[in-house]
Amino acid sequence: MLVSDFKTLGLIGGVLLLLAIASAVAQILARRSDSGLDRAIVDTFRRRVRSWWVLYALLAFAFFVHPTATIVFFFFISFWALREFITLTPTRPGDQRTLFWVFVVCTPAQFVLVGLKQYELYSILIPVYAFLLIPAGIALSGDPKRFLERTAKIQSGLLISVYCLSFAPALLTLELPRLPSGYEDPYRHARLLFFFVLMTQLSEALQYAWSQVPGRHPVVPSISPTRTWEGLFGGTASAMLLGGALWWATPFQGSDWWMAAVMSGVISIMSFAGGLSMSAIKRDRGVHDYGTLVEGHGGVLDRIDSICFAAPVFFHLTRLWANWAIAAQPPAT
């Protein structure tokens with residue numbers, strides 16, 4: 001138990017130390033007018049650091065309370081993110097009944113099933129049953145105007161904000177291989193989730209930093225001129241190095257230490273895809289942020305778009321690895 005405590009506290013303490021250093025650097029840059037850096041870059045960095053403080057403080061608190069608290073924490077984030085997504089474009093009166101079922105039934109049911117470890121149910125609840133309910137509910141309203149657009153909008157919001165995000169706390173329910181020592185580590189799942197959230201945020205920051213190099217080449221200038229090929233490749237390589245260095249905090253231990261680096265690379269690529277996709281939606285709607293929950297920071301969805309896209313991929317790859325590792329282990333004695 002003592003070793004496990006040191007690993008968990010070491011991971012969280014290390015993140016808090018990095019945040020403290022980042023905060024100090026942000027304050028120094030903000031006070032110096034001769035730093036030579038673009039003020040917009042400095043302001044963006046300061047906003048990101050403040051949002052990271054809020055995210056990691058709440059996440060660490062939920063960890064130490066109970067795993068259920070972590071799931072509830074993600075439920076509230078998911079609920080608010082879905083609200084931001086839906087309010088991005090106007091809805092018609094005929095959508096209200098369907099939206100009621102989406103918010104009051106489908107969203108909480110997804111996280112309840114996650115908490116009950118019902119993978120066979122929460123993996124299909126939204127992409128099968130909810131996706132059938134939504135067009136049927138809108139059709140019953142008798143309003144066919146922009147039917148496909150309205151249906152696709154609600155389905156996309158539910159898929160990204162609820163279904164995909166729910167796979168982050170679902171990491172707490174994974175069956176992991178036994179430790180070689182036979183010792184039961186009660187904090188492995190919490191560290192796995194913390195590692196995932198940490199790598200998503202670090203990969204975003206690293207991609208942004210690498211995107212500032214001279215001679216940059218934007219991937220899709222019409223959607224996001226700040227997302228460059230240099231940022232994608234440089235940020236992904238850097239994230240893999242950092243992820244590999246943090247292998248001790250994950251279940252990818254022993255001979256599988258390299259899995260932490262590979263998983264970090266996957267997280268970085270999916271984070272890039274998430275940020276680019278959500279930027280395309282904002283461009284289409286003509287808005288800068290998804291919401292204004294905190295002044296100057298945008299909305300919740302602006303802060304978790306990378307987590308939404310990376311969570312289901314990381315969950316399923318980790319689940320495949322765990323199933324393989326469990327099958328390779330000798331029977332328990």
Side-chain angles (χ1 to χ4, degrees), residues 15 18-19 22 41 44-45 47-49 51-52 54-56 59 74 77-78 81 84-85 156 159-171 192-213 216-220 223-247 249-250 252 259-283 289-290 297-318:
V15 171
L18 286 176
L19 285 176
I41 296 177
T44 299
F45 178 64
R47 289 196 298 269
R48 285 181 178 271
V49 171
S51 65
W52 289 339
V54 175
L55 175 63
Y56 285 110
L59 191 58
F74 274 95
I77 291 180
S78 177
E84 290 179 346
F85 192 100
S156 297
L159 177 71
I160 296 172
S161 305
V162 180
Y163 181 73
C164 290
L165 185 60
S166 71
F167 281 98
L171 291 168
L192 177 63
L193 175 56
F194 202 87
F195 171 82
F196 165 70
V197 175
L198 173 63
M199 293 313 302
T200 57
Q201 300 303 301
L202 279 179
S203 63
E204 273 200 313
L206 291 168
Q207 288 170 13
Y208 184 78
W210 277 96
S211 294
Q212 306 309 312
V213 300
R216 54 190 180 182
H217 301 81
V219 178
V220 188
I223 292 179
S224 181
T226 62
R227 300 184 186 277
T228 66
W229 289 110
E230 292 82 0
L232 174 59
F233 293 124
T236 299
S238 301
M240 292 180 70
L241 291 174
L242 288 174
L246 291 173
W247 65 270
T250 73
F252 314 121
M259 283 294 294
V262 173
M263 291 295 192
S264 298
V266 171
I267 289 173
S268 181
I269 293 172
M270 293 310 302
S271 297
F272 184 90
L276 186 63
S277 299
M278 302 308 284
S279 294
I281 295 175
K282 288 188 287 187
R283 288 278 185 176
D289 295 313
Y290 278 99
H297 292 266
V300 169
L301 199 51
D302 293 289
R303 303 277 74 85
I304 65 168
D305 51 7
S306 58
I307 297 177
C308 291
F309 272 67
V313 178
F314 180 76
F315 173 89
H316 284 104
L317 288 179
T318 304

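We use all heavy atoms of the structure for the numbers below, so side chains are in, but hydrogens, waters and symmetry mates are not.
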Distance (rounded to the nearest 0.5 Å) between Ile304 CD1 and Leu165 CG: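 Between atom CD1 of Ile304 and atom CG of Leu165 there are 5.0 Å.
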Quick one: pull up CG in Asp305 and OG in Ser279 and give me the separation to the nearest 0.5 Å.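 Separation between the atoms: 7.0 Å.
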Return the orientation label for the Tyr163 and Phe167 ring planes: parallel under 30°, perpendicular over 60°, tilted otherwise.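 Tyr163 vs Phe167 ring planes: perpendicular.
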Over 60° means perpendicular and under 30° means parallel, so classify the ring planes of Phe314 and Phe195, tilted if in between.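 If you compare the ring of Phe195 with that of Phe314, the planes turn out tilted.
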Given Ser203, which partner from the list Ser238, Ser306, Ser271 fulfils the side chain to side chain contact (heavy atoms under 4.5 Å, CB included) test?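 Of the listed residues Ser238, Ser306, Ser271, the side chain to side chain contact (heavy atoms under 4.5 Å, CB included) partner of Ser203 is Ser271.
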Please give me the minimum heavy-atom distance between [X] and [Y], naming the atom from each residue.
X: Arg303; Y: Gln201; result: O-NE2, 3.9 Å
X: Leu276; Y: Arg227; result: N-NE, 3.8 Å
X: Thr250; Y: Leu246; result: CG2-O, 3.7 Å
X: Pro225; Y: Arg283; result: CD-NH2, 3.5 Å
X: Phe196; Y: Ala168; result: CE2-CB, 4.1 Å

Ser161 backbone acceptor or donor facing Ser78 side chain under 3.5 Å: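 It does hold such a pair.
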Please check this pair: side chain of Gln207 against backbone of Thr236, looking for a donor-acceptor N/O pair closer than 3.5 Å.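 Checked: no pair found.
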Decide side-chain contact (heavy atoms from CB on, under 4.5 Å) for Leu206 and Leu242; before the verdict, give the C-alpha distance in whole Å, the side-chain angles of both, and the deciding distance to 0.1 Å. CA-CA 11 Å; Leu206 291 168; Leu242 288 174; 3.9 Å; yes
State, yes or no, whether a side-chain contact exists between [X] and [Y] at a heavy-atom distance under 4.5 Å.
X: Phe272; Y: Val219; value: yes
X: Phe309; Y: Thr200; value: no
X: Met278; Y: Cys308; value: no
X: Lys282; Y: Leu301; value: no
X: Leu232; Y: Trp210; value: no
X: Ile77; Y: Ile307; value: no

When you look at Ser268 and Met240, which way does the side-chain contact (heavy atoms from CB on, under 4.5 Å) test go after all the steps? CA-CA 8 Å; Ser268 181; Met240 292 180 70; over 6 Å; no
Passes side-chain contact (heavy atoms from CB on, under 4.5 Å), Leu192 versus Met263? Steps please. CA-CA 11 Å; Leu192 177 63; Met263 291 295 192; over 6 Å; no
